[in-house]
Participant: 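The following block contains the structure, expressed as structure tokens.
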Amino acid sequence: MTQLVKVQNFVVSRDGFGAGEDQTLERPFGHADPGTMFAWAGATASWPNRTEPGGSRGLDDHLTRDFAHNIGAEIMGAHKFSPHRGPWENHDWQGWWGDEPPFHTPVFVLTHHERPSFSLSDTTFHFVNAEPAEVLERAKEAAQGKDVRIGGGATTVRAFLDADLIDTLHVAVAPVDLGHGVPLWKSPDELLDRFHLDVVPSPSGVTHHLFWRK
């Protein structure tokens, strides 16, 4: 069975930015408002942090529910894991997600400043200074036959796209303009030389872009 390399539920603004600028501990997405960017997923019946019954169904809910299906490992960039820049001053920071991270798999963090691996619940974080292809080989081995998710941010997704390592890509374009930030693309048309594309508008206001390799 083929292991797929997937991007899932990755959100960008209408003008192509996956996050804002000036990331801080209090603002993981910089000047972008994650509540607005991810409102479509948070409104679904399958949103994992939902505390009350209800929520929307349809495509938004399917994509939210499918997020963890057959995923055996994740790769993320250093700034998805942490707001810190430069060498680690200490190892107290263990991510934005508390004692129960939502990944439930090995996670490989791309960084120029390695640190020892650690585990929180059923998620183990590994810190790797290597090129995308090398990290992907490690992640595929750790995934034990399951798929590998490229989790972001935009710079990391773009690096794996540029290395031609991604098989399927789902980008939700939110109805907001950021003006500046961390770009994924200027236009989704940039990927049409390598990918088929379906564009599906949602009643929630986002437009789902579903790419698969030609």
Side-chain angles (χ1 to χ4, degrees), residues 1-12 18-19 28 38 41 44-50 59-82 93-112 114-172 184 191 194-196 198 208-214:
M1 183 174 178
T2 301
Q3 285 181 284
L4 296 176
V5 182
K6 307 167 73 173
V7 175
Q8 298 174 290
N9 299 5
F10 192 81
V11 183
V12 301
F38 290 91
T44 64
S46 298
W47 181 244
N49 296 327
R50 173 169 292 283
L59 181 60
D60 289 354
D61 185 64
H62 169 78
L63 292 167
T64 301
R65 187 171 65 251
D66 193 55
F67 183 70
H69 177 69
N70 202 46
I71 296 296
E74 168 149 340
I75 299 170
M76 69 172 63
H79 299 159
K80 179 174 177 178
F81 176 79
S82 168
W93 176 265
Q94 295 187 319
W96 309 97
W97 306 281
D99 293 334
E100 295 284 342
F103 307 105
H104 313 295
T105 67
V107 174
F108 294 83
V109 181
L110 297 172
T111 176
H112 295 300
E114 296 181 41
R115 58 180 277 186
S117 302
F118 67 86
S119 297
L120 291 171
S121 185
D122 56 355
T123 298
T124 299
F125 292 93
H126 305 283
F127 299 84
V128 184
N129 182 8
E131 293 300 312
E134 181 181 343
V135 178
L136 181 57
E137 285 306 309
R138 290 186 57 180
K140 282 185 171 181
E141 182 178 357
Q144 298 182 339
K146 293 185 176 181
D147 298 333
V148 175
R149 179 169 55 230
I150 309 301
T155 301
T156 297
V157 173
R158 193 74 223 193
F160 279 81
L161 281 170
D162 291 346
D164 201 24
L165 295 173
I166 290 176
D167 298 307
T168 68
L169 176 77
H170 163 229
V171 179
L184 178 67
L191 305 181
R194 289 176 286 155
F195 292 92
H196 302 284
D198 279 348
H208 296 291
H209 288 63
L210 303 167
F211 299 85
W212 66 102
R213 186 185 288 276
K214 289 182 177 179

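Any value given below was found using the heavy atoms of this structure, including those in side chains, with hydrogens, waters and symmetry copies removed.
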Participant: For the residue pair Asp147 and His69, confirm or rule out a side-chain donor-acceptor distance under 3.5 Å.
Facilitator: no
Participant: I need the Leu210 CG to Leu59 CG distance, nearest 0.5 Å.
Facilitator: 6.5 Å
Participant: How long is the span from the CZ atom in Phe38 to the OG1 atom in Thr64, to the nearest 0.5 Å?
Facilitator: 10.5 Å
Participant: Please lay out, stage by stage, how Val157 and Leu169 fare under the test side-chain contact (heavy atoms from CB on, under 4.5 Å).
Facilitator: CA-CA 9 Å; Val157 173; Leu169 176 77; 4.2 Å; yes
Participant: About how many Å separate CG of Leu161 and CG of Leu184, when rounded to the nearest 0.5 Å?
Facilitator: 6.5 Å
Participant: Of the non-hydrogen atoms in Ala78 and Val109, which two are nearest, and what is the gap between them?
Facilitator: CA-CG1, 3.8 Å
Participant: Which pair of non-hydrogen atoms, one from Ala45 and one from Asp61, has the smallest distance, and what is that distance?
Facilitator: N-OD1, 3.2 Å
Participant: For Phe67, does the six-membered ring have the charged nitrogen or CZ of Arg149 within the cation-pi criterion, i.e. under 6.0 angstrom from the centroid and within 45° of the normal?
Facilitator: yes
Participant: Leu110 and Ala130: which non-hydrogen atoms are nearest, and at how many Å?
Facilitator: CD2-O, 4.2 Å
Participant: Can you name the nearest heavy-atom pair linking Ala139 to Phe108, along with the distance?
Facilitator: CA-CE1, 3.6 Å
Participant: I would like to know whether Leu136 and Phe160 meet side-chain contact (heavy atoms from CB on, under 4.5 Å); could you show each step before the answer?
Facilitator: CA-CA 9 Å; Leu136 181 57; Phe160 279 81; 4.3 Å; yes
Participant: To the nearest 0.5 Å, how far apart are CG in Asn70 and CD in Gln3?
Facilitator: 9.0 Å
Participant: So, for Ala142 and Pro106, which heavy atoms are closest and what is the spacing to 0.1 Å?
Facilitator: CB-CG, 4.0 Å
Participant: Fit a plane to each ring of Phe81 and Phe127, take the angle between them on a 0 to 90° scale, and name the class: parallel (under 30°), tilted (30 to 60°) or perpendicular (over 60°).
Facilitator: perpendicular
Participant: Aromatic rings His209 and Phe211: how do their planes relate, parallel, tilted or perpendicular, breaks at 30° and 60°?
Facilitator: parallel
Participant: Got a second to check how far His126's NE2 is from Ser119's OG, nearest 0.5 Å?
Facilitator: 7.0 Å
Participant: So, does Thr123 use its side chain to make a donor-acceptor pair with the main chain of His104 at under 3.5 Å?
Facilitator: yes
Participant: Drop me the distance from Asn9's CG to Leu63's CG, to the nearest 0.5 angstrom.
Facilitator: 5.5 Å
Participant: Looking at every non-hydrogen atom in both residues, tell me the closest pair between Met76 and Phe103 and how far apart they are.
Facilitator: CE-CZ, 3.5 Å
Participant: Could you walk me through whether Arg213 and Asp164 pass the side-chain contact (heavy atoms from CB on, under 4.5 Å) test, one step at a time?
Facilitator: CA-CA 10 Å; Arg213 186 185 288 276; Asp164 201 24; 3.1 Å; yes
Participant: Tell me if the CD atom of Gln144 is crowded by more than 12 foreign heavy atoms within 6.0 Å.
Facilitator: no
Participant: Side chains of His208 and Asp60: does their closest heavy-atom pair fall under 4.5 Å?
Facilitator: yes
Participant: Where do Arg65 and Thr44 land on the side-chain contact (heavy atoms from CB on, under 4.5 Å) test, with the steps shown first?
Facilitator: CA-CA 9 Å; Arg65 187 171 65 251; Thr44 64; over 6 Å; no
Participant: Looking only at the side chains, is there a donor atom on one of Thr105 and Glu74 sitting less than 3.5 Å from an acceptor on the other?
Facilitator: no
Participant: Counting N and O atoms only, with roles assigned by atom type, does the side chain of Asp167 sit under 3.5 Å from a partner on the main chain of Lys6, one being a donor and the other an acceptor?
Facilitator: no
Participant: With sequence neighbours left out, write down each residue that passes salt bridge (charged side-chain N to carboxylate O under 4.0 Å, His left out) with Asp162, or none if nothing qualifies.
Facilitator: Arg158
Participant: Can you sort out the partners of His196 under ring pair (Phe, Tyr, Trp, His ring centres under 6.0 Å), two or more places apart, ordered by chain and number?
Facilitator: Trp212
